[in-house]
Amino acid sequence: MIEILVGTNRPGSNTRKVATQIAEIYTTELGAQAALLDLATLPPELFAPAAYENKPAAFATFNRAILDSAGLVIVTPEYNGSMPGVLKYFIDHWKYPEAFEHRPICYVGLSAGPTGAVRPIEHLSAIFAYRNAWQFPERVFLPNINDLLDPATGKLTDAKLVARVEKQARGFLDFLSRLRKTKN
Ligand SMILES: Cc1cc2nc3c(=O)[nH]c(=O)nc-3n(C[C@H](O)[C@H](O)[C@H](O)COP(=O)(O)O)c2cc1C
């Protein structure tokens, strides 16, 4: 399963819209198995300090989703020049080292401003390089996101941008299949 991670828990988030469209590209267009992993559905008990020692039972599905994922597409918005705090907090609760080591990861970023979340993706790349993940080098940056989404459907409509997202998805699937061959 490829997990498409919605990198914020903000209600009405544009990240969730883009992640949903990406999940459809993987499943409907490319015939891959993919599912959304949405930080808005994290169990509230995860935010108690005691969760570092004792994970809430409801976190088990998130834990399993990461550990069982063939690949992870992180869709991150830019919040104050970095990733949302909830995304880093979620990562800090992953099972170490299994969740990180050799985990194939792919990045899509979006921002209201002109950078398309270059900085959050650089910050995530540093974290996952430190933790020995296998990072797909082709990133997608979506700047000025409020101008890119159709208000009625919440989807990216610009043909060139959609083609870029599709190309990344095809490339990530190829990356995953090459990694599988290397492991066997
Ligand atoms: C707390 C917060 C901080 C933000 N900081 C930035 C920023 O530093 N740069 C930027 O371009 N947009 C920033 N934004 C706007 C988001 O990039 C924008 O809301 C975009 O739609 C993606 O986030 P969303 O998934 O929450 O909608 C910020 C939004 C929030 C909620």
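First listed ligand is number 1; within each ligand, the first listed atom is number 1. All residue numbers in this chain count up from 1 along the given sequence.
Linking ILVMFWY side-chain heavy atoms closer than 4.5 Å, directly or via other members, places Leu161 and Tyr107 in two distinct hydrophobic clusters. A chain of hydrophobic side-chain contacts below 4.5 Å, direct or via other Ile, Leu, Val, Met, Phe, Trp or Tyr residues, connects Val165 to Val6.
Annotation for ligand 1: atoms under 4.0 Å from non-hydrogen atoms of Gly113 are 10 (C), 11 (O). Atom numbering of ligand 1 starts at 1 in the shown order; those under 4.0 Å from a heavy atom of Ile145 are 20 (C), 21 (O). Atoms of ligand 1 lying under 4.0 Å from at least one heavy atom of Leu110, given by number and element, are 22 (C). Of all atoms in ligand 1, numbered sequentially from 1 with element shown, those under 4.0 Å from a heavy atom of Ser111 are 11 (O), 17 (O).
Between Trp94 and Phe100, the ring planes lie tilted relative to each other; the angle falls in the 30° to 60° range.
From the protein, the heavy atom lying nearest to atom 25 (O) of ligand 1 is Thr15 OG1, 2.5 Å. Taking atom 14 (N) of ligand 1 as the reference point, the nearest protein heavy-atom neighbour is Glu78 O, 3.2 Å. The protein heavy atom nearest to atom 21 (O) of ligand 1 is Asn14 ND2, 2.8 Å. The single protein non-hydrogen atom nearest to atom 23 (O) of ligand 1 is Pro77 CB, 3.3 Å, given as residue, atom name and distance. Protein heavy atom at the shortest distance from atom 19 (O) of ligand 1 is Arg10 NH2, 4.1 Å. Among protein heavy atoms, the minimum distance from atom 15 (C) of ligand 1 is reached at Ala112 CB, 3.7 Å.
In terms of polar-atom proximity, Gly81 is counted as a contact of ligand 1, with an N or O under 3.5 Å from an N or O of the ligand. Close N/O approach between Asn80 and ligand 1 is found [any backbone or side-chain N/O within under 3.5 Å]. Annotation: Thr8 places no N or O atom under 3.5 Å from an N or O atom of ligand 1; distance criterion only.
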side-chain contact (heavy atoms from CB on, under 4.5 Å) assessment of Phe128 paired with Ile74: CA-CA 12 Å; Phe128 285 107; Ile74 301 184; 3.7 Å; yes
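Residue-environment remark: OH (Tyr130) stays at or below the threshold of 12 foreign heavy atoms within 6.0 Å.
Taking a cutoff of 4.0 Å between a charged side-chain nitrogen and a carboxylate oxygen, Asp92 and Lys88 qualify as a salt bridge. Using a 4.0 Å cut-off between a side-chain N of Lys or Arg and a carboxylate O of Asp or Glu, Glu122 and Arg139 qualify as a salt bridge.
The backbone N or O of Leu46 sits less than 3.5 Å from a side-chain atom of Tyr89, completing a donor-acceptor pair. Under a 3.5 Å cut-off, the side chain of Asn144 and the backbone N or O of Asp147 do not form any donor-acceptor pair.
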